Amino acid sequence: PSVATPLFSVIVPTHGRPAYLAEALASVAAQTIGDWEALVVDDASPEPVEIPDDPRFRLVRRDENGGPGAARNSGLAAATGRYIAFLDDDDLFTPDRLEVALEGLQRAPVAICFNHYIGAPPKGGRVLEGMVHDTIGDHMAPHLGRTAVERAVAPAFDERFTAAEDVEWWIRLSREAAVTTVPRFAYLVRRHPGPRTHTGLENRVRCRFMLLELHAGYFAEHPRAAAFQWKRIGLMASSLGDHRLARRAFRRSLRLNPEPRTAWHLARSTKPSRTTLRTDPPADVHEQA
């Protein structure tokens, strides 16, 4: 390979958040490892995207807004580094983020670190080691910002998913590649009231249904993972006021993996629905509420 090939390609999709983006890119520039390129993918932002005056930053422009999966795919297509790291445009790397990633990547082709919310005390995180395909869906999939991966094994994102694309990606990645965890906090997640394109709760429910249908075989073989997805759907439906769908989802989750917390959520969802979501659940979930 060329000596100009960077060690890391950092993929930063962005859409309409210039102030947060500037902070995110500054956190890349501050890395203790300097052997990187940052691919800032402008997912058809309403205003031109500006990047630092540093040759390691490259701007990739998309003519149409395709959502996070499509934007990351544009970054993957342009990447030249040995390893891939991900950064959302409203989050931050700690200065040693790539150093932490490299420590893990010397042990496995996929390495995750810990993350925490900006301004909140660190709480640890999920530790994954080895081939984790059979357990990856049992809980929250690792945030992509926590994830670094050899470019040679990184799959493309399924662009049909404008939410839960990370879960779908992890199901396929974990089938092929081993994972290791470096238990250090190296990624900072920002909570804010600003725009979050494509991530409304109704779209997130729709994409969870797509996930259950696309990977029906996986979820049939992994009932705990299926139960977790149904519980997530129930919680989102409750937040939206569709308590009928919430009850269906919580009941399905309980049949697959009886958990007291899920039963508690079901008991709280007995109120009448304020709304009915326009998205339909998979065909096998039409039992009476």
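Only a predicted model underlies this, so the values are computations on that prediction, with no experimental measurement involved.
A 4.5 Å side-chain heavy-atom check between E176 and V153 finds every atom pair outside the cut-off. Proximity of D88 to H143: side-chain heavy atoms (C-beta onward) are separated by under 4.5 Å at one or more points. Side chains of L105 and R82 form no contact here, defined as non-hydrogen atoms less than 4.5 Å apart. Two residues are said to be in side-chain contact when any heavy atoms from C-beta on lie closer than 4.5 Å; E168 and R172 meet this criterion. Using a 4.5 Å heavy-atom threshold, the side chains of L266 and S269 count as touching.
Hydrophobic cluster membership is shared by I136 and L214, with clusters built from Ile, Leu, Val, Met, Phe, Trp and Tyr side chains linked at under 4.5 angstrom. Under a hydrophobic-cluster definition in which Ile, Leu, Val, Met, Phe, Trp and Tyr are linked whenever side-chain heavy atoms come within less than 4.5 Å, directly or via other members, V179 and F185 are assigned to different clusters. No single ILVMFWY cluster, assembled from side-chain heavy atoms under 4.5 Å apart, contains both F114 and L144.
The ring pair (Phe, Tyr, Trp, His ring centres under 6.0 Å) analysis of residues 22-60, with sequence neighbours excluded, yields the pairs W36-F57. Sorted by first and then second residue, the side chain to side chain donor-acceptor pair (under 3.5 Å) pairs with a member in residues 102-114 read E103-R184, R107-T180; sequence neighbours excluded.
Between W169 and F157, the ring planes lie parallel to each other; the angle is under 30°, not in the 30° to 60° tilted range. Note: H222 and Y218 have parallel aromatic rings, judged against thresholds of 30 and 60 degrees for the angle between ring planes. Between F8 and Y83, the ring-plane angle classifies as tilted under the 30° and 60° cut-offs.
Between R175 and M131, the closest heavy-atom pair is O-CE, 3.8 Å. Annotation for L256 and A226: closest pair CD1-CB, 3.7 Å, computed over non-hydrogen atoms. Here the shortest heavy-atom pairing between L21 and V49 reads CD2-CG1, 3.6 Å. Looking at every heavy atom in both residues, T5 comes nearest to G81 through CG2-CA, 4.3 Å. Considering every non-hydrogen atom in both R56 and G34, the closest pair reads NH1-O, 3.0 Å. Closest non-hydrogen pair, R126 versus R146, comes out as O-NH2, 3.0 Å.
R17 pairs in a salt bridge (charged side-chain N to carboxylate O under 4.0 Å, His left out) with only one of the listed residues (D91, D89, D43), which is D89. The side-chain contact (heavy atoms from CB on, under 4.5 Å) with V40 is formed by just one residue from the set V60, V28, L25; it is L25.
More than 12 non-hydrogen atoms from other residues, nucleotides or ligands lie less than 6.0 angstrom from CD of E23.
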Evaluate the criterion side-chain hydrogen bond (donor to acceptor under 3.5 Å, both in side chains) for residue pair D42 and S45; output intermediate values, then yes/no. CA-CA 6 Å; D42 175 8; S45 293; 2.9 Å; yes

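With respect to the salt-bridge test (charged N to carboxylate O, under 4.0 angstrom), the residues R224 and D134 do not qualify.
The closest donor-acceptor contact from the side chain of E37 to the backbone of A79 lies at 3.5 Å or more, if one exists at all.
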